[in-house]
Amino acid sequence: MDKNTIIGFILIGVVLVAFSWFNRPTPEQIEAQRHYQDSIARVEQERQMAIQEEENQKMREARELASLPDSARAERLRQDFGGFAEAMVGTEGYTTLENELVEIRVSNKGGRVSYARLKEYDNYAGDPLVLFDESTSALGFSLITANNQMVKTSDLYFEPVEGHTPTSLTMRAKAGEGRHLDFTYTLRPDDYMVDFQIKGTGLNGVLAPTTEALTLDWIQDIRQQEKGRSFEDRYVTLNYKIVGDDVDYLSETSNDDEQMKESLKWIGYKDMFFSTVLIAKEGFDEANLESKRLASGELLKSFRSTAQVPFDLRGQTPTDLTYYFGPNKFALLKDYDDELSGDEKLNLEKLVPLGWGLFRWVNQYFVIPLFDFLGKFISNYGVLIFILTLIVKIILFPLTRKSYLSSAKMRVLRPQVEEINAKYPGQEQALERQKAVMELYSRAGASPMSGCLPMLLQMPILIALFMFFPSAIELRHESFLWANDLSTYDAIISWDANIPLITPYFGNHVSLFCLLMTITNIVYTKYNMDMTDTGQQQMPGMKAMMYMMPVLFMVFFNQYASGLTYYYFISMLMSIAQTLIFRYTIDEEKLLAKLEANKRKPLKKSGFMKRLEEAQRIQEEQLRKQQEQREQMKRQREEKKKR
């Protein structure tokens, strides 16, 4: 990074610190927030107690039901569950469906997918990558019977219909002779999609005649799959797509909920690199979405969604849903829209966090195509990142050179600036000194601002890469040098103790690529500050702040993906190499001669310089008037004393 880039980051940091300081809560607000959190905790405790009481009640009813004679038990079930009384009795069991990529298990209890495993992936410990199982998920639909009783499919026992295959299965809940509710699952070949169809047969007299929709209740806890719990937690979100609109998500940093007025095309429970998505052909209505953080353990967050899905009571039109159990891979997710148009487009690729606006555009149309192209020829992702960094540096080379040339102009004019500083010493002549320096720069054809524009033009690519590397599933479990996994940190030192202020922000480790990035950044900062010293006075503490920034970056990036910190390390080394090339290829004596020749030419002032000079003229006029007023007041006081 050159001096302008460092100053830019410093200013951003100052703004953030100032914003945090001025917006810090008052003691009253802190107390109110504490009361609010306590009330939330009480509500959650009451909710958990209610859930536990409901489960206990079910157990008591089950024991009571089991103690009844067969005839009495059958009559009791018929009264409570109508035609579904027969489906209230059954045995636990599972049916497995699988293809080359996915294995799922469908439970007899509730007829739901209770387990999903991705065959080509494993978790950070090397165990099979299980998205969820019976203990971390629940899904069911609420039915209103003809006698106005509520029946939940999660309480019903389904039976596999004969004739199922390894990739297709129909689960049936009986509701009497010739009456049933079917859940059909079809696992597409060599795909992560599972078609899920709901269809009723002969349910006219079983369900309420006003039934037009089913109420979905879907719960899933997201388990840790990657090394580094706190970093992975930043990417765990409940996402959703509004029909005819964009993709959005609930807060990833706090508990959040949303009551949707619009119809949703899909709801997705997203981990850092994997997602479980439920897609509705006709959309979800009246959706309530809820996300809760889990403070510790192997579970990161708990997601819950309730929504309405259309249901044809006559059984002529099935309710079509689709599951996606798979990786958050941009190209794969985008391909699902190839044959769709308009509001039918899923936009599942938005599950990959690539930044917003311009930064996402840079990633989507430049970084990812280039990364995928290089991946066809380079299998080692450490080498691939090196080549990618080199290409980016070559593309940005003209802008970097222009920025350096601007600094070189300021540097060769430094002796003349020091002469001006000596000619106009002291704070009382600061305005004259500034005016003389700006006139020197203007006549020589140099501008302190000319190095900022190239920096700003580089920022979209730099920020886009900052978003891309932690989201690239291609780096997951890919090793390079000492880094065993480029998608997470490369610890060389680790500890278990919880150290206040250090563990929450820095982590319990030191990442080697992050350390190398920091050392290289400090060396480059010192070298660059010496190279770009123009002789002008700097704000007090500016040098210390410039050295402090690389240390702050180390704290910030220590838990980030080693692929990202490796990229910054390589990028910094290349920046040093570029600076050396510029230093020995740009003849500063010739550059100074050119600037001196510019001073002899007729001055063509730019609009910016004209405005700057006009602002200086107005400021001088105001200072002159203030000085005259002070002198007049002084004379008046002296005259009063004489009287």
Side-chain angles (χ1 to χ4, degrees), residues 1-2 4-6 8-9 329-332 334 349 352-406 451 453-476 478-481 483 485-487 490 513-514 516-517 520-521 523-524 528 553 557 560-586:
M1 281 185 269
D2 59 17
N4 290 322
T5 306
I6 296 172
F9 277 118
K329 193 171 184 179
F330 184 87
L332 169 69
K334 191 170 180 59
E349 74 277 2
V352 184
L354 297 175
W356 51 269
L358 176 61
F359 310 122
R360 186 174 188 89
W361 185 88
V362 171
N363 272 321
Q364 184 170 344
Y365 297 105
F366 170 66
V367 176
I368 292 178
L370 178 59
F371 187 88
D372 291 343
F373 174 78
L374 294 175
K376 296 178 181 178
F377 308 98
I378 304 172
S379 59
N380 186 304
Y381 280 92
V383 177
L384 189 152
I385 293 174
F386 179 87
I387 300 299
L388 176 65
T389 309
L390 181 62
I391 293 173
V392 170
K393 283 293 183 181
I394 292 173
I395 293 174
L396 297 177
F397 185 86
L399 295 175
T400 307
R401 188 179 187 279
K402 186 174 182 180
S403 182
Y404 179 88
L405 193 60
S406 174
L453 182 59
M455 179 197 71
L456 292 176
L457 293 175
Q458 296 178 50
M459 292 307 290
I461 294 180
L462 299 178
I463 295 177
L465 288 168
F466 166 75
M467 299 299 300
F468 168 73
F469 282 112
S471 304
I473 192 174
E474 291 84 357
L475 299 181
R476 189 175 186 269
E478 292 291 338
S479 62
F480 179 67
L481 298 178
D485 186 348
L486 289 172
S487 71
D490 54 320
F513 272 130
C514 185
L516 292 174
M517 175 196 77
T520 309
N521 201 351
V523 172
Y524 179 62
N528 200 53
F553 286 159
F557 285 108
Y560 268 71
S562 56
L564 177 66
T565 51
Y566 166 61
Y567 157 73
Y568 281 137
F569 169 58
I570 294 298
S571 178
M572 195 67 62
L573 289 178
M574 292 183 180
S575 294
I576 293 174
Q578 282 184 334
T579 303
L580 292 174
I581 292 173
F582 296 148
R583 183 71 180 88
Y584 292 105
T585 57
I586 295 177

Study note, to complete from the structure: On a heavy-atom basis, the closest approach of Phe330 and Gln364 is CZ-CG, 3.5 Å

Review point. At what distance, to the nearest 0.5 angstrom, does CD of Gln578 lie from CG of Leu396?
Key: 8.5 Å

Review point. Nearest 0.5 Å, what's the CG-OG distance between Leu564 and Ser471?
Key: 10.0 Å

Review point. Within a strict 4.5 Å, meaning less than it, do heavy atoms of the Phe366 and Ile395 side chains meet?
Key: yes

**Study point:** Residue pair Leu354 / Glu349, side-chain heavy-atom distance below 4.5 Å
**Key:** no

Review point. Does the side chain of Glu478 reach to within under 4.5 Å of the side chain of Ser487, using non-hydrogen atoms?
Key: no

Practice item. Report, as yes or no, whether the 6.0 Å neighbourhood of atom NZ on Lys329 holds more than 12 heavy atoms from other residues, nucleotides or ligands. Key: no

Check your understanding: Less than 6.0 Å separating the ring centroids of Phe468 and Phe371?
Key -> yes

Practice item. Considering non-hydrogen atoms only, spot the tightest contact between Ala483 and Asp490 and give its length. Key: CB-CB, 3.9 Å

**Study point:** Partners passing ring-ring contact (aromatic ring centres under 6.0 Å, His included) against Phe397 (at least two apart in sequence or in another chain)
**Key:** Phe582

Practice item. Would you mind reporting whether Ile570 and Ile385 have side-chain heavy atoms less than 4.5 Å apart? Key: no

**Study point:** Side-chain donor/acceptor of Ser403 to backbone N/O of Leu399, under 3.5 Å
**Key:** no

Point to revise | Worked check of side chain to side chain contact (heavy atoms under 4.5 Å, CB included) between Ile586 and Arg401 | key: CA-CA 10 Å; Ile586 295 177; Arg401 188 179 187 279; 4.0 Å; yes

Check your understanding: Rounded to the nearest 0.5 Å, how far does NZ of Lys334 lie from CG of Leu332?
Key -> 12.5 Å

Review point. Can you check whether Asp372 reaches Glu474 side chain to side chain, under 4.5 Å on heavy atoms?
Key: yes

Check your understanding: So how far is it from Ile576 CD1 to Thr520 OG1, rounded to the nearest 0.5 Å?
Key -> 6.0 Å

Practice item. Taking all non-hydrogen atoms of both residues into account, name the closest pair between Phe569 and Met517 and its distance. Key: CD1-N, 4.0 Å

Exercise for review: Measure the spacing between CG of Leu388 and CG of Leu465 and express it to the nearest 0.5 Å.
Suggested key: 6.0 Å

Review point. Less than 4.5 Å apart, any side-chain heavy atom of Phe466 and any of Tyr560?
Key: yes

Check your understanding: Quick one: are the ring centres of Phe469 and Tyr566 less than 6.0 Å apart?
Key -> no

Practice item. Over all heavy atoms of both residues, which pair between Ala464 and Val362 is shortest? Give the atoms and the distance, please. Key: CB-CG1, 3.7 Å

Check your understanding: For the side chain of Ser562 and the backbone of Asp485, is there at least one donor-acceptor N/O pair under 3.5 Å apart?
Key -> yes

Study note, to complete from the structure: Rounded to the nearest 0.5 angstrom, the CD1-CD1 distance for Ile378 and Ile387 is 5.0 Å

Practice item. Without swapping roles, check the side chain of Ser571 against the backbone of Tyr567 for a donor-acceptor pair under 3.5 Å. Key: no

Check your understanding: Has the side chain of Thr565 got a donor or acceptor atom that lies under 3.5 Å from a matching backbone atom of Phe513?
Key -> no

Check your understanding: Between Pro398 and Ile394, which heavy-atom pair has the shortest distance, and what is it?
Key -> CD-O, 3.8 Å

Review point. Can you check side chain to side chain contact (heavy atoms under 4.5 Å, CB included) on Phe359 and Met459, steps first, answer last?
Key: CA-CA 9 Å; Phe359 310 122; Met459 292 307 290; 5.8 Å; no

Practice item. Check whether more than 12 heavy atoms from other residues, nucleotides or ligands sit under 6.0 Å from atom CZ of Arg360, and answer yes or no. Key: yes

